[in-house]
Amino acid sequence: QVQLVESGGGSVQAGGSLRLSCTSSGESLRDYAIGWIRQAPGKEREGISCASSSGARPWYSDSVEGRFTVSRDRERVYLQMDSLNLEDTATYHCATCWAGIKGYDYEDWGPGTQVTVSR
């Protein structure tokens, strides 16, 4: 069973960049599709990416397409976030993911890492 944990969050000014990392302290995440889902107070949760175990052609939500980039090596999944704006402020969770009936579904969420974008 994967036990996912995120790191790399922090505070950044609008227009800046952060890189988040996701690892597993349990079963290796190497063979799992891993995505990122974010949640902010007063907003609905939003899945923003899902990358197959190969890392080929990851899916991105329209809200982050062109600004965020997923990459992965054998034991770690990264979320490179560029051109951050105020609407990106949220707690970011990595999770196992798959394409479901109503879009992408997420499971095995990590505890999350906070990203705060300021003016």
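It should be emphasised that the depicted structure is a prediction, and the values quoted were computed from it without experimental measurement.
The CD atom of Glu46 lies 14.5 Å from the CH2 atom of Trp36; values are rounded to the nearest 0.5 Å. Annotation: the span from Gln13 atom CD to Leu84 atom CG amounts to 11.5 Å, rounded to 0.5 Å. One finds the SG atom of Cys94 at 11.5 Å from the CD1 atom of Ile37 (value rounded to the nearest 0.5 Å). Note: Tyr32 OH to Trp98 CH2 = 11.5 Å, rounded to the nearest 0.5 Å. The distance from the CG atom of Asp88 to the OG1 atom of Thr116 is 11.0 Å, given to the nearest 0.5 Å. Note that CD of Gln1 is 10.0 Å distant from OG of Ser25, once rounded to the nearest 0.5 Å.
The closest side-chain heavy-atom distance from Tyr106 to His93 is not below 4.5 Å. A heavy-atom distance below 4.5 Å is found between the side chains of Leu20 and Val115. For the pair Ser61/Tyr104, no side-chain contact is recorded, criterion being any heavy-atom separation below 4.5 Å from C-beta on. Taking 4.5 Å as the limit, every side-chain heavy atom of Thr69 sits out of range of all side-chain heavy atoms of Tyr78.
Tested against Ile34 for a side-chain contact (heavy atoms from CB on, under 4.5 Å), the candidates Val2, Thr96, Val70, Asp108 yield a single pass: Thr96. Evaluated for a side-chain contact (heavy atoms from CB on, under 4.5 Å) with Arg38, the options Val64, Thr89, Thr91, Leu79 yield exactly one hit, Val64.
Of all non-hydrogen atoms in Asp82 and Ser17, the two that sit nearest each other are OD1-OG, 2.7 Å. Shown here for Ser24 and Leu4, the closest heavy-atom pair between the two residues is CB-CD2, 4.0 Å. Contact record, Gln3 with Gly26: OE1-CA, 3.7 Å, taken as the closest heavy-atom pair. Nearest approach of Cys97 to Ala51, heavy atoms of both residues: SG-N, 4.0 Å.
The closest side-chain donor-acceptor pair between Glu75 and Thr23, if any, does not fall under 3.5 angstrom.
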Next on the checklist: Pair Asn85, Arg67 - check side-chain contact (heavy atoms from CB on, under 4.5 Å), show working.
Outcome noted: CA-CA 10 Å; Asn85 57 54; Arg67 299 187 299 119; 3.6 Å; yes
Next on the checklist: Checking Trp109 against Arg45 for the side-chain contact (heavy atoms from CB on, under 4.5 Å) test, could you report, in this order, the C-alpha distance in whole Å, the side-chain angles of both residues, the deciding distance, and whether it holds?
Outcome noted: CA-CA 12 Å; Trp109 294 30; Arg45 64 183 184 179; 3.8 Å; yes
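The main-chain N or O of Ala33 is never found under 3.5 Å from a side-chain atom of Ser53 such that the two would form a donor-acceptor pair.
In Asp62, the CG atom is not crowded: 12 or fewer heavy atoms of neighbouring residues, nucleotides or ligands sit closer than 6.0 Å.
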